[in-house]
Amino acid sequence: MSQSAGNDVTTGAAGTAEVEGKADSTTGPPVPAAGSARAAALVRTAARWLPPLLTVEGLVMYVLALRVSPGPLRGVEVADIDGLGLISALPGAAFAAILLMITAFFVTIAQNTDRKFLLLFQISAITFALHGASALIHDEPRFHTAYVHAGFVEFIARTGESSPILDARFAWPGFFALVAFVTRAAGITDLTTLMQWTPLLSNLLYLLPFVLILRQVVATTRARWFAALLFVVVQWIGQDYFSAQGFTYAIYLAFVAILLRWFGRVEPRETPPKTGGRLRRLLIRLGRLTPGELGHTTGVYDRSIMLIMLIGLFVAATTAHQITPFMMLGALTGLILLRRSSLTWAAPFFFGLIVLAWISYQTTTFWSGHLDQLFGGLGRILQNLQSNTGDRIEGSDAKHALVLMARLGICAVILLLAAVGLLRRVRRGVGDRAALLLLCVPVLALGLQSYGGEIGLRIYMFALPGACILAAYAFFPNLPAGTADNPDETVPIRRRNIRFDPHLTRRISLLLAAACALALSMAFLVARYGNEQFERVSTGEVAAMHYVYQHDEPSARVLYLVPQIGEEVTPSIPWGEEDFDKIRYEQVLVDKNPAVISSVIDKLKLSPPNTYLVVSRGQAAYLQLNHGYPDAWDRRLRAALDAAPLLKQVYGNEDAAVYTLRSYPKGAEIPEPVSLRGPGDRSSPWTPVGLGALVVAWSALFGYQLVRLREPGRAPRTRRLLLWTAIPAFLLSVAVVAERFIVIGLSATP
């Protein structure tokens with residue numbers, strides 16, 4: 001025993017000595033061991049920190065790629081922009097950065113966890129890359145119409161009023177008056193920075209209500225956030241610049257978000273048994289589908305506040321834009337028809353009366369004597385569609401035609417994906433009525449008017465929320481996990497017992513969605529910035545127009561170049577930024593042969609003093625890409641104008657030149673500015689009665705809706721009294737509106 005014990009002691013001592021020897025001989029290893037543990041921990045937590053790191057890295061790489069001096073794989077040389085637009089001059093590093101950010105986004109949603117702030121940051125970074133490219137590259141705000149909107153703001157800030165005599169958009173001055181008030185209160189006189197970053201700020205603003213809309217649909221985290229990404233990468237139409245339509249689009253999204261969040265109704269329709277014909281059985285089956293929207297229980301006080309908020313948003317949109325209120329009204333009416341809103345029919349009649357009242361009483365100067373402009377497009381669906389598709393494709397050069405085809409291609413892809421997503425959801429027993437409604441209602445605007453050939457663009461813009469939600473279902477149609485005991489996505493029960501590995505199918509769906517997003521983002525760069533040659537504005541062009549502003553007393557005229565004389569030709573110059581009430585903008589016909597300038601000289605001869613011809617790089621690019629004018633046409637035209645003995649160049653730089661006649665006939669005088677006085681306060685015999693009926697109808701309809709919000713079956717006598725007060729007042733209000741159109745509109749002379 002003693003020997004054994006001794007052996008044990010010896011062994012223990014030897015073991016101890018051996019351990020101590022190892023420790024002494026390897027004094028440094030504990031640090032590497034700790035480092036290995038940290039490395040292993042980093043690998044285990046890579047799913048948490050890698051996506052934000054990749055996003056930040058991609059964002060920094062993108063900014064540097066566009067802002068540094070041009071090189072082999074970095075920097076943008078503006079002179080390299082061709083008929084394909086900005087994408088032809090983007091460096092390789094920019095494409096790599098976009099790829100990196102999109103990859104990081106899909107790594108995040110692949111984790112199947114709702115990391116809201118990270119996903120919102122990632123989509124915001126992608127939005128910055130796609131919609132902020134122009135602001136990073138150019139020194140001046142993009143898009144010429146933004147300058148005239150700045151001119152509207154300047155006019156209202158200077159005079160304190162709007163004048164529909166100058167422009168029809170002044171009949172809806174809400175946006176311009178708001179900006180004028182805010183900038184004047186803040187002491188801001190130069191809107192250049194605001195105009196330059198408005199497209200990016202607008203799209204970031206659109207994301208907020210759209211994400212709220214996505215929170216109301218029954219879908220997986222992947223589907224919701226992929227829909228948000230699609231909403232960013234297919235928004236190519238460029239109506240988000242400094243404009244009333246861009247401002248009211250955010251109001252539209254907020255309006256829809258409030259409707260779905262606080263006034264949503266998700267009870268399925270009660271249907272009879274499956275009897276009758278095939279169509280009836282199909283309708284019954286569709287009626288029994290599980291609602292694709294979430295329901296929320298909110299108090300009467302909250303809904304009352306939100307109802308007032310809806311009214312405020314609708315009034316703001318009505319005073320700022322012509323089309324947006326009708327889109328909002330269509331969405332509200334459709335949700336009530338499809339039983340997806342708890343609001344009653346009093347609401348659409350209340351809001352509809354707001355639109356009619358504004359048009360009838362506040363835009364009289366615009367429509368009096370010009371009813372054909374207001375109602376001339378009603379019912380002309382095919383003509384309005386033609387003015388938005390075929391007319392925009394004809395006349396382009398070969399390379400620029402690819403830009404137009406890319407735009408139509410994006411529209412086709414998103415609609416096809418929406419159709420596939422809708423079918424896959426129906427297969428899973430889900431009826432997405434709200435998303436389908438948001439997709440289809442804007443199409444009804446085709447029956448209104450062509451809106452200067454742009455109604456198709458407006459329809460596409462307003463249909464995007466519903467289209468993107470349904471398109472996301474093409475890749476991720478499953479329902480989210482129901483309970484903690486059932487963490488997997490819900491899939492349909494199929495008749496055939498053939499099932500694929502769900503993990504494999506999800507990975508395939510993620511890869512396909514990532515490939516689709518990457519392809520659409522590249523197509524976005526072509527579609528959005530394909531007109532960059534003539535939509536971008538240079539410092540030289542702005543300086544040329546500023547010369548005109550400095551010499552426009554008491555008035556002036558600016559001639560801009562067009563291939564043919566006609567209506568709805570927007571100047572491709574930064575026009576109207578200042579003194580909008582002093583300067584008239586007129587067209588002058590130019591020939592494809594730049595040596596033929598007789599039409600220009602004749603136009604100047606017939607014009608009064610202080611008439612200036614502006615020749616700019618942007619106008620020449622527009623004529624070359626869309627109307628087949630030859631290359632270097634502007635330089636040859638300027639050479640011909642410089643050589644003309646009757647003309648003189650009063651200002652010039654590399655991008656623009658200003659010309660006028662050397663002398664005018666003796667006695668020729670500069671005319672006074674256009675009078676801002678309208679036809680006066682036009683009224684009709686029944687106008688006072690109509691105004692009183694409006695007040696009564698609004699009060700009764702609002703009171704009826706408030707009572708119904710408290711409890712559907714409560715206070716029946718009060719509801720009947722309000723209803724029987726509202727109906728005759730509403731009918732009388734509409735009758736007076738019709739009477740005003742007849743008496744004022746037909747009797748006035750244009």
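Every value quoted in this text rests on a predicted model; they were computed, and no experiment measured them. Below, each value reflects all heavy atoms present in this structure, side chains not excepted, and no hydrogens, waters or symmetry copies.
For Val537 against Pro141, the heavy-atom pair with the smallest separation is CB-O, 3.5 Å. Between Ala472 and Ala223, the shortest heavy-atom contact is CB-O, 3.3 Å. Residues Ile565 and Val562 approach most closely at CD1-CG2, 3.8 Å, considering heavy atoms. Here the closest heavy-atom approach between residue Ala543 and residue Tyr651 is recorded as CB-OH, 3.2 Å. When all heavy atoms of Ala65 and Pro91 are compared, the closest pair comes out as O-CG, 3.5 Å. Between Ala129 and Ile98 the shortest heavy-atom distance is CB-CG1, 4.5 Å.
Side-chain contact check for Val78 versus Ile81: some heavy-atom pair is nearer than 4.5 Å. Residues Leu641 and Ile597 have side chains in contact (heavy-atom distance under 4.5 Å, counting atoms from C-beta outward). Contact check for Lys648 versus Thr660: side-chain heavy atoms found under the 4.5 Å cut-off. Using a 4.5 Å cut-off on side-chain heavy atoms (C-beta onward), Leu623 and Asp634 make no contact. By the 4.5 Å heavy-atom criterion applied to side chains, Gln245 and Thr324 are not counted as neighbours. In this structure the side chain of Val588 never reaches within 4.5 angstrom of the side chain of Tyr560, judged on heavy atoms. Proximity of Phe175 to His321: side-chain heavy atoms (C-beta onward) are nowhere separated by under 4.5 Å. The shortest distance between side-chain heavy atoms of Val590 and Pro563 does not fall below 4.5 Å.
With Arg617 as reference, Glu541 is the one residue of Glu541, Glu535, Glu654, Glu532 to meet the salt bridge (Lys or Arg N to Asp or Glu O under 4.0 Å) rule. Leu510 pairs in a side-chain contact (heavy atoms from CB on, under 4.5 Å) with only one of the listed residues (Phe106, Phe226, Phe475), which is Phe106. Applying the side-chain contact (heavy atoms from CB on, under 4.5 Å) test between Leu194 and each of Asp190, Thr198, Thr192 identifies Thr198 as the sole match.
The distance from atom CG of Leu207 to atom CG of Leu212, rounded to the nearest 0.5 Å, is 12.5 Å. Between the CG atom in Leu438 and the CD1 atom in Ile469 there is a gap of 6.5 Å [rounded to 0.5 Å]. Phe143 CZ to Phe534 CZ: the interatomic distance, rounded to the nearest 0.5 Å, is 9.0 Å. Here the CD-CG distance, from Gln533 to Leu84, works out to 9.5 Å after rounding to the nearest 0.5 Å. To the nearest 0.5 Å, atom CD of residue Gln619 and atom CG of residue Leu637 are 9.5 Å apart. Leu561 contributes atom CG, which lies 6.0 Å from atom CG of Leu613 (distance to the nearest 0.5 angstrom).
Aromatic ring centres of His551 and Tyr612 lie farther apart than the 6.0 Å criterion allows. Phe231 and Trp225 have their aromatic ring centers separated by at least 6.0 angstrom. Taking the six-membered ring for Trp and the full ring otherwise, Tyr147 and His144 have centroids separated by 6.0 Å or more. In this structure, the ring of His627 has its center less than 6.0 angstrom from the ring center of Tyr622.
Side-chain atoms of Glu577 and His149 form no donor-acceptor pair, as typed in the model, at a separation below 3.5 Å. No hydrogens or angles considered: a donor-acceptor pair under 3.5 Å links the side chains of Asn531 and His400. Using modelled atom types, one finds a donor on one side chain and an acceptor on the other under 3.5 Å when comparing Gln122 with Thr108. With no hydrogens or angles considered, a side-chain donor-acceptor pair links Gln649 and Tyr659 at under 3.5 Å. Judged purely by distance below 3.5 Å, without hydrogens or angles, the side chains of Gln196 and Thr193 never pair a donor atom with an acceptor atom.
In Arg74, the CZ atom is crowded: over 12 heavy atoms of neighbouring residues, nucleotides or ligands sit closer than 6.0 Å. For Arg158, the CZ atom is densely surrounded, since the number of other residues' heavy atoms within 6.0 Å is greater than 12. Heavy-atom contacts from other residues, nucleotides or ligands closer than 6.0 Å to CZ of Arg638 number more than 12.
Side-chain atoms of Arg67 come within 3.5 Å of backbone N or O of Leu136 as a donor-acceptor pair. When atom types are taken as modelled, the side chain of Asp579 and the backbone of Lys582 share no donor-acceptor pair closer than 3.5 angstrom. With hydrogens and angles ignored, the 3.5 Å screen pairs no side-chain donor or acceptor of Asp80 with any backbone N or O of Val76. Here the side chain of Arg222 pairs no donor or acceptor atom with the backbone of Phe476 at under 3.5 angstrom. A donor-acceptor pair is defined here as one N or O able to donate and one able to accept, closer than 3.5 Å; no such pair exists between the side chain of Thr248 and the backbone of Ile251. In this structure a side-chain-to-backbone donor-acceptor pair under 3.5 Å is missing from Arg115 to Leu120.
In this structure, Phe462 and Tyr249 have perpendicular ring planes: the angle between them is above 60°, well past the 30° mark. Using a 30° and 60° split on the angle between ring planes, Trp575 and Phe580 fall in the tilted class, from 30° to 60°.
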Practice item. Show the numbers, then the answer: is there a side-chain contact (heavy atoms from CB on, under 4.5 Å) between Arg528 and Leu130? Key: CA-CA 9 Å; Arg528 176 63 182 267; Leu130 296 180; over 6 Å; no

Review point. Between Ser538 and Asp655, is a side-chain hydrogen bond (donor to acceptor under 3.5 Å, both in side chains) present by the stated rule, with each step listed?
Key: CA-CA 7 Å; Ser538 66; Asp655 292 324; 3.1 Å; yes

Review point. Are Trp236 and Tyr460 close enough, and set up right, to give a ring pair (Phe, Tyr, Trp, His ring centres under 6.0 Å), and what steps lead you there?
Key: CA-CA 10 Å; Trp236 58 263; Tyr460 176 79; 5.6 Å; yes

Exercise for review: Evaluate the criterion ring pair (Phe, Tyr, Trp, His ring centres under 6.0 Å) for residue pair Tyr252 and Phe247; output intermediate values, then yes/no.
Suggested key: CA-CA 9 Å; Tyr252 167 80; Phe247 169 72; over 10 Å; no

Practice item. Decide yes or no on side-chain contact (heavy atoms from CB on, under 4.5 Å) for Gln235 and Leu464, but give the supporting numbers first. Key: CA-CA 8 Å; Gln235 180 72 273; Leu464 274 184; 3.7 Å; yes

Practice item. Show your working on side-chain contact (heavy atoms from CB on, under 4.5 Å) between Leu518 and Ser521 and close with a plain yes or no. Key: CA-CA 5 Å; Leu518 184 60; Ser521 63; 4.0 Å; yes

Point to revise | Check against side-chain contact (heavy atoms from CB on, under 4.5 Å), Leu402 and Val526 | key: CA-CA 8 Å; Leu402 296 177; Val526 177; 5.8 Å; no

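Asp82 has a carboxylate O that lies under 4.0 Å from a charged side-chain N of Lys399, or vice versa, which qualifies the two as a salt bridge. A salt bridge is absent between Arg536 and Glu140; no separation between the charged side-chain nitrogens and carboxylate oxygens falls under 4.0 Å. A salt bridge is defined here as a Lys NZ or Arg NE, NH1 or NH2 lying under 4.0 Å from an Asp or Glu carboxylate O, and Arg636 with Asp631 fails to meet this definition.
Within the structure, every pair that satisfies the ring-ring contact (aromatic ring centres under 6.0 Å, His included) test and touches residues 511-532, not counting sequence neighbours, is listed here: His131-Phe524.
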